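Note that the structure is a prediction, hence the values are computed from the model and not measured. Sequence lines set the chain letters: A, B, ... in the order given, protein chains first and strands last, and positions in each chain run from 1.
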Amino acid sequence: MVERHIGLSIFCHVVLLLGAAAVGMPLYFAFVAGSLTVGEVQQVPFPLLPGDHFVENTIGAWNEGDFGQLYINSFIVTVGIVVGKLTVSIIAAFAVTYFRFPFRMTAFWLIFISLMLPVEVRIIPTYEAVADAGGPLRSFFEAIGLTGFLANTTGYQLDAALQWNMVNTYSGLILPLIASASATFLFRQFFLTVPDELCEAAKLDGAGPLKFFRDVLLPLSSANIAALSIILFLYGWNQYLWPLLFTTEKEMYTAMIGLKDLIPVADAQPAWNIAMAASFFVMAPPALVILLMQRWFTKGLVDSSK
Amino acid sequence: MPASDALRLDEGAATRPRFPLLPWLGSLVGSSETGLKASHFRRPWLAAGLVAPQLLILLFFFFIPTWKALSLAFVQVDPFGGTMIFVGLDNFTTLFSSPEYRDSAVLTLWFTTVQCVATLLVAGLLAFATDQVMRGKAIYKGVILLPYAIAPAISGVLWAFLFNPTVGPLAHMLHDLGFAWDPNRRPFDALLLVSVAAVWKHICYDYIFLVAAFLAVPASVIEAGAIDGARPVRRFLTITLPMAAPTIFFLIVMNFVYGLFETFGIIDTITHGGPAGSTNTLVYKVYQDGFRQLDLGSSAAQSVVLMAIAILFTVLQFRAVERKVNYQV
């Protein structure tokens with residue numbers, strides 16, 4: 001144990017208090033604004049104490065934005081991203097670390113090269129790809145002549161059958177965000193640290209690969225799965241750019257896009273009280289997750305970059 | 001149990017979790033042992049079935065879009081007929097000679113650098129203080145970590161309100177102090193506001209990593225410093241900070257990645273890239289040009305430039321991670 005300095009301790013507490021205040025200040029003012037009426041929110045100077053319209057504004061915002069539906073959408077998309085990405089990643093990581101098969105390294109590099117490009121840099125082509133997911137298949141069948149052959153022989157229109165437009169669908173909101181290998185990479189790194197003896201023992205006991213995966217590897221990965229689920233939940237819930245591009249009908253909006261629609265624009269009535277009240281229930285699910293599972297998630301986050 | 005699944009203890013597996021930057025071409029098809037467990041299975045069809053979902057998703061939502069972006073960057077598309085003409089590097093030369101694009105690049109560099117340095121400094125100070133104090137750690141941490149849960153878009157909404165020139169409480173204060181604050185009209189104000197919102201949202205990330213890094217410094221080394229008469233601040237500067245250097249390098253890379261690619265929501269909710277393009281970063285400009293102006297050729301060329309930047313940062317990131325593993329005590 002080393003010596004302690006009273007002066008330094010006080011300084012550090014002051015720094016931390018200031019830091020916490022700076023972090024909390026926008027949230028406090030948002031709460032104050034959310035508890036005022038439209039008239040009060042435009043006062044100069046701005047009131048420093050909350051009013052008593054918070055519940056009223058929250059209900060107003062909830063109904064105005066039809067957040068019941070948007071909340072359901074957000075939950076479906078987020079759970080889809082978490083479950084989908086975890087499932088796809090863990091079995092892919094299992095395959096590349098525990099199986100010897102031809103083109104194993106090809107599969108490995110095809111997967112890991114996708115770590116290089118975040119979805120933001122390929123927004124437009126991804127949009128096209130998802131708006132017309134059948135396009136590549138159509139051109140492929142066209143090129144090998146299958147389309148013409150089927151049309152001539154059976155009258156079946158392959159072109160028409162391969163029109164998959166995923167705009168305004170849940171799969172369109174989920175699949176492009178699953179298409180990254182980050183989770184696969186983490187699981188692979190973890191599997192490489194699992195002792196070889198476990199797999200050998202399982203084999204001696206006559207367990208096949210799937211049994212080994214289910215009874216040994218999955219239970220061992222539970223801590224990683226939990227930490228990754230938290231991180232992916234935040235990632236999915238907080239998505240903004242993709243739902244913005246990919247939802248044109250109000251029924252398919254996510255909660256985040258619904259909130260954006262409540263921001264007052266120039267020349268409109270500055271209903272910031274409604275927008276601020278809404279921001280609280282939109283950020284509530286991830287905030288609760290962070291508050292309740294702080295230890296899991298900080299450990300998971302730091303470990304995941306190793 | 002199939003005979004092919006027999007134990008293979010003799011095969012040395014190269015299980016070092018490393019990420020070589022360039023694969024040996026031969027190892028792509030051959031039976032390379034890289035990253036293969038010494039004890040493994042031989043069921044090629046099962047393995048193929050297990051990687052298939054990942055590969056299919058990547059094919060449709062990663063490889064085909066990336067290929068399209070690359071090919072679109074070298075053609076000119078007629079907006080009505082849909083015919084394509086190969087134009088070589090024309091899209092790129094037009095892009096780089098456009099003053100708007102250059103402004104956007106300079107602005108992005110300025111924004112990401114300021115954001116990166118400010119985030120690291122504030123998070124470093126807070127992490128240092130957290131490392132020193134005894135009481136109340138959990139509460140401080142809980143509050144400081146909260147923005148991690150908050151989406152960039154919501155951070156944007158909160159700060160847009162605080163500094164809104166007509167209703168925002170902090171804008172009122174600035175006006176009282178005599179500043180003509182107005183992010184809707186004054187480019188510098190807009191950029192400052194976007195930077196503040198971006199830093200506020202990202203401090204928690206750097207903070208988590210720095211707290212963990214400072215905590216990982218062995219107590220014995222700190223005590224040795226104390227015995228030699230080094231006071232806390234000196235110990236921090238000469239022992240803790242150098243030992244956390246790999247983490248700091250990693251965070252610099254991650255801050256740049258965040259500033260470049262993840263601040264879209266902040267910009268879109270606060271300024272929409274304005275006023276006069278003063279917050280139109282490279283990623284926001286791709287969206288503007290592609291979805292608002294429908295200039296697909298230019299937008300694809302911009303995507304390719306961004307891809308190059310993203311690849312550069314991924315390489316740096318892997319280097320940072322490797323260094324971290326190697327240097328950790």
Side-chain angles (χ1 to χ4, degrees), chain A residues 2 8 12-13 15-16 19-20 23-24 26 29-30 41-42 44-46 88 91-92 95 97-101 105-107 109 111 114 116-118 120-122 124-126 129 136 175-176 178-179 189 192 196 199-200 206 209 238 240-241 256 263 270 272 279 283 286-287 290 298 301-302, chain B residues 1 5 7 15 17 23 27-28 32 37-44 47 50-51 53-54 57-58 60-62 64-66 68-69 125-126 129 132-133 140 143-144 148-151 153-154 157-158 161-162 167 169 172 208 212 223 226 232 261 264-265 283 290 299 303 306-307 310-311 314:
Chain A
V2 293
L8 185 70
C12 287
H13 276 287
V15 164
L16 285 170
V23 167
F29 275 120
V41 91
Q42 294 172 65
V44 182
F46 192 80
V88 167
I91 59 174
T97 45
Y98 274 100
F99 285 87
R100 174 188 290 270
F101 60 99
M105 287 311 280
T106 319
W109 280 105
I111 291 172
S114 73
M116 298 247 172
L117 299 176
E120 282 81 5
V121 309
R122 48 193 162 89
I124 286 141
T126 308
L175 288 174
I178 296 181
Q189 299 294 75
L192 288 176
D196 274 323
C199 184
E200 282 157 18
N238 288 342
Y240 178 77
L241 172 58
M256 207 59 73
I263 306 174
W272 282 100
S279 70
M283 68 173 117
I290 285 280
T298 45
L301 191 68
V302 174
Chain B
M1 172 176 175
D5 279 359
L7 296 180
T15 48
S27 74
L28 281 180
S32 164
K37 301 290 283 189
S39 167
H40 55 254
F41 301 96
R42 293 185 170 219
R43 299 266 291 275
L50 292 172
V51 281
Q54 172 98 69
I57 288 182
L58 286 181
F60 277 96
F61 303 110
F62 180 82
I64 292 176
T66 308
K68 272 195 181 162
L125 186 62
L126 290 173
Q132 300 289 325
V133 300
Y140 291 132
V143 176
I144 295 171
Y148 192 83
I150 296 171
I154 295 189
V157 176
L158 295 178
F161 164 70
L162 283 177
V167 300
H172 291 169
I208 294 169
E223 279 162 20
F261 302 117
F264 179 90
V283 168
S299 166
S303 288
L306 281 179
M307 284 180 192
I311 288 172
T314 315

ask   = Stepwise, does the side-chain contact (heavy atoms from CB on, under 4.5 Å) test hold for A:I91 with B:Q54?
value = CA-CA 9 Å; A:I91 59 174; B:Q54 172 98 69; over 6 Å; no
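Of the inter-residue distances, the one linking A:I290 atom CD1 with B:Y148 atom OH reads 7.0 Å to the nearest 0.5 angstrom. Taken from CZ in B:F41 to OG1 in A:T97, the straight-line distance is 10.0 Å, to the nearest 0.5 Å. Note that the CZ atom of A:R100 and the NZ atom of B:K37 stand 14.5 Å from one another [nearest 0.5 Å].
The contact between A:M283 and chain B is made by backbone and side chain atoms together, counting heavy-atom distances below 4.5 Å. Residue A:I263 touches chain B through its side chain alone, counting heavy-atom pairs closer than 4.5 Å. Using a 4.5 Å cut-off between heavy atoms, A:I111 contacts chain B through both its backbone and its side chain. Heavy atoms of A:Y240 lying under 4.5 Å from chain B belong exclusively to its side chain.
Looking only at heavy-atom pairs under 4.5 Å with chain A, the residue among B:V283, B:I64, B:V143, B:I144 that has the most is B:V143. No other option in B:L158, B:V133, B:L125 has as many heavy-atom pairs under 4.5 Å with chain A as B:V133. Residue with the most contacts toward chain A among B:I150, B:L306, B:I154: B:I154 (heavy-atom pairs, distance under 4.5 Å).
A:W272 and B:V157 make their closest contact through CZ3-O, 4.0 Å (heavy atoms, listed as atom of the first residue, atom of the second, distance). Closest non-hydrogen pair, B:A38 versus A:D196, comes out as CB-OD2, 3.3 Å. When all heavy atoms are compared, the tightest approach of B:S39 to A:Y98 is O-CD2, 3.8 Å. When all heavy atoms of B:L162 and A:F29 are compared, the closest pair comes out as CD2-CB, 3.5 Å. Residues A:S114 and B:F62 share a closest heavy-atom pair of CA-CZ, 3.4 Å. For the residue pair B:P232 and A:L8, the shortest heavy atom distance occurs at CB-CD2, 3.4 Å.
B:V51 has its side chain out of reach of A:F99: every pair of non-hydrogen atoms, C-beta onward, lies at least 4.5 Å apart. Here the side chains of B:R43 and A:P209 are in contact, with some heavy-atom distance below 4.5 Å.
Considering only residues two or more places apart in sequence or on other chains, B:A129 meets the side-chain contact (heavy atoms from CB on, under 4.5 Å) condition with A:C12, A:V15, A:L16.
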